[in-house]
Structures are given as structure tokens and as C-alpha cells.
Participant: 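Before I ask anything, let me first share the structure, which is written out below as C-alpha cells.
Counting starts at 1 for both ligands and their atoms, in listed order. Start at 1 with the first residue, then count along the sequence. As a basis for the values below, the full set of heavy atoms in this structure was taken, side chains included, without hydrogen atoms, waters or symmetry mates. It should be emphasised that the depicted structure is a prediction, and the values quoted were computed from it without experimental measurement.
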Amino acid sequence: MADTHQNILIRGGRIIDPGSGLDAVLDLWIEAGVIAAIGPNLSPTGPHRVISAMGQIVAPGFIDLHTHLREPGFEYKETIATATEAAVAGGFTTLCAMPNSNPVNDHASVTEFIRKRAERAGFARVLPVGAITKGLLGKEMAEMGDLVAAGCVAVSDDGHPVSDSEIMRRAMEYSKIFNIPVIDHCEDLNLTADGIIFEGMTSTRLGLKGIPAASETVMVARDILLAELTGARVHLAHISTAGSVSLIREAKRKGIAVTAETAPHYFTLTHEQLDGFNGNAKMKPPLASSDDLREIRAGLADGTLTAIATDHAPHAAYEKAQEIAHIPFGIVGLETALPLSLRLVEDGVCSLSDMIRAFTTGPAAVLGRANTMGCLAVGRAADVTLIDPEAEWVVDATLFKSKGRNSPFIGWKMRGRATAVIVQGKVVENG
Ligand SMILES: [Zn+2]
Ligand SMILES: [Zn+2]
């Protein structure tokens, strides 16, 4: 980077670093983009900026394992600049970009384009996720080696899951050569068919075609079996059902290298949100039952689910204004994930440190980067998120940095928000 780093003293915040177990009111000193000291009453010399963090939480920068940037190809929904700006507004310093752009990120040139655009935007860091198969068509494997060499940190056919188990097996075997995880969107497309919302009382009441919970759990079971067969690191995206949580819990007990994430909407909302044909509650996997919600929370509490990801999926207003059957799946999530997750702490599901872990060391470990990311140790690149846990605000989608307004949380009263985000020693947001 061309410009020089400004040294920063973050004074008097409650530093919570799940990686090291630190939870104490201390100062944090950032020098030349790197965490240089953590301790009481630091008084560094030389020119520097002071950020007073009294009453605030100082956490490692949040990492989102699952974001749809929409660029290249769908800039009318979102751009890399607007998504990464939304990310820092929500407290994220790093995003993993899903490959379903146009062109698909199945080629090193697309990976490079995404990285350059993100660098130029100058907000959050973007780690591209490459496609498993060319064009996400599920037929022919993409050049995984080229994708990794260009900067991809994982592979996934998110949104168009690999139905062919033989191709998935080969992808897992290749992934071991490059030491990257295979991220799967678990969905049996035949079971889903033209389903619109979760199969249950609400789908019956509204007369809408349902998506059975088994659509997810069948593929979770397959992926666990393939993970066991290949020994690959398999990461299961946006887990939404009780059955999936129990399969993953059992697989981990057996020592299979499977990890899994959920998203805030799955531990906050149920399919009743679709009453009144609310298109802003339509996503894949669909919002499920209250039993599922309870088990998602239990999975976070007992460490079956080790990451909270947003599955941020912006769409244009006119696309979301259609009749429910035609509305595209997906909701935005970058700017509401933090306060929704703080509710887990308020509800006694997990400790504040464990909630922060699901955004920091949890996702870093999924990527195999726990020794370089998601931690506040001295010597690490300074990615820091400052949080005011008491800040009260109401979700107003017109104030989103994201171009997407498709949130089911519009009008909700929230508590807690990111007040400053530091990416590699640079303050990129200060609310
Ligand atoms: Zn997905
Ligand atoms: Zn997705």
C-alpha cells in the first residue's frame, strides 16, 4: 500500500480476544499496521492517533465466511465497494466472497479482478472463494490450483450445490493437495424442486410449495460421509435445521474433519415470518421451525457450529417487490449480524467471548488461518473491531451502506454496534 500507516493507541477498552482467552480493560497499541503492545496505561511516544474505547469492547476484526459481493456481473444489486463498506459498518474486517458472480469465479482472472477491486475500494479485506466446477454447472472441475495460486482461500459451488457425489468426492480429494476447505451449500435440488419456503404449517396456510428440512439434512449426511472417505476439510454453510446440527455433532464426535456455520436469521427467525407473503424473509435454506431455531442455538452453545456467517445476499428493490414465488432467494446481513448475535448473549445462549469467537477464531480456523487471523496477539496484523454494546438504534434500510434493502429486520430495535473498524492498522470506519 502506498500511504504510510498511522500509529494508533486504543485506550481503556475491554479487550476480548477469544483466541488467547484475554478479557480485560487494557490499552492496545498499533504500530506500522501491526499490534505492537497490549497492556495497562500504555504511553507510546511519537505521533499517533488516540481512540478512546471507554465502555467499549475491543475485539479481533470480524470475519464473514459467506458473502455475496454481486460484482462482477450484478452491480445493480451490489458492488465490491458497497459490500465492503457495508462490511466495515457492520464490524467486519474480512469477507469471503462466494463465486456466483457473472462471470463465475472459476478462473484466476476473476479472482484477480475481485482482489484488485477490493483493494481499490479500501474497506474490508476480501478473500475470494473459487468455484468447485466450471460455471457452477456441477459437471467439470475448475482449475483449483490456479484459483488457489490467484488467492482463493476455499472452493464452493454455493447456490448451485454439487449434486454429483463423484465430482464432490474428487473436489474434496484435490482440496487436500492445496490445504483448503471445501464449502458446501447443502441442498438436495430434487427434494427442493420448486419449493419456496419451509415445508410446514406456514407453507400449508399460505398455499406455497414447501422445502422439506430433509433437503438440507440429506446433503449434510452425504458431505459428512464424503469427508470421512476423503479426509478433506469440509465446511457446511448456513446450517438451518435441527437434523443437520445433530448429524454434525455426531460427525465431530467421531473425529471427522467437518466444520459448520449458521447465520443470524436462523437463530432469530422462524418460518412464521413468511406470513403475509413477506418476501424479505425468503432465502435458502428457508427459515425453519422453532424446534430448528432452538437446536441451532444449542449447536452454537456446545461448539457444534463454530462460525456465524451472514450469507449477505443483496437484491434490487424491484426484484424483491415481485409476487412471492418469483422473488429471488436471499437477504442482506452484514449490517445487522452483530446486534442479532449479541442477543444470544442476552438470552444466555453463549458468553460474549464465545459469541465473538464465532466471528473471529472460529472462521479463521475454518480457513486454516487461526495462526494469522482472528486474534489480537502482538505481532499480528492489526485487524480490530470496536463495539459499543449499549448503543441503541433502529434498523432503517435506507441508511444501509449496502445497496441491498432486503432485510427482514427493518424497523427492529437493536442494541450494540461497531463504532470503529481497523483493517491492517488503518481506521476505515468511525461512527
Ligand atoms: Zn448457499
Ligand atoms: Zn450464499
Participant: Which protein N, O or S atoms sit under 2.8 Å from the Zn ion (ligand 2)?
Facilitator: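 Listed by chain and number, the nearby protein N, O or S atoms are His66 NE2, His68 NE2, Asp158 OD2, Asp311 OD1.
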Participant: Measuring only between side-chain heavy atoms, which start at C-beta, is His265 closer than 4.5 Å to Gln273?
Facilitator: no
Participant: Kindly assign one of parallel, tilted or perpendicular to the pair His238 and His185, based on the angle between their ring planes and the thresholds 30° and 60°.
Facilitator: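 Perpendicular.
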Participant: Does any pair with a residue in residues 228-239 pass salt bridge (charged side-chain N to carboxylate O under 4.0 Å, His left out), and if so which ones, sequence neighbours excluded?
Facilitator: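 Every candidate salt bridge (charged side-chain N to carboxylate O under 4.0 Å, His left out) pair involving residues 228-239 fails, so no pair, neighbours aside, qualifies.
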Participant: Report all side-chain donor-acceptor pairs from residues 281-288 shorter than 3.5 Å, counting only partners two or more places apart or in another chain.
Facilitator:
from   : atom 1 : to     : atom 2 : distance (Å)
Lys282 : NZ     : Ile324 : O      : 2.9
Lys282 : NZ     : Ala325 : O      : 3.4
Lys282 : NZ     : Ile327 : O      : 2.6
Lys284 : NZ     : Glu187 : OE2    : 3.1

Participant: If we count only N and O atoms by modelled type, under 3.5 Å, do the side chains of Thr310 and Asp64 hold a donor and an acceptor together?
Facilitator: yes
Participant: Tell me every residue that passes side-chain hydrogen bond (donor to acceptor under 3.5 Å, both in side chains) with Asp311, counting only those two or more places apart in sequence or in another chain.
Facilitator: His66, His68
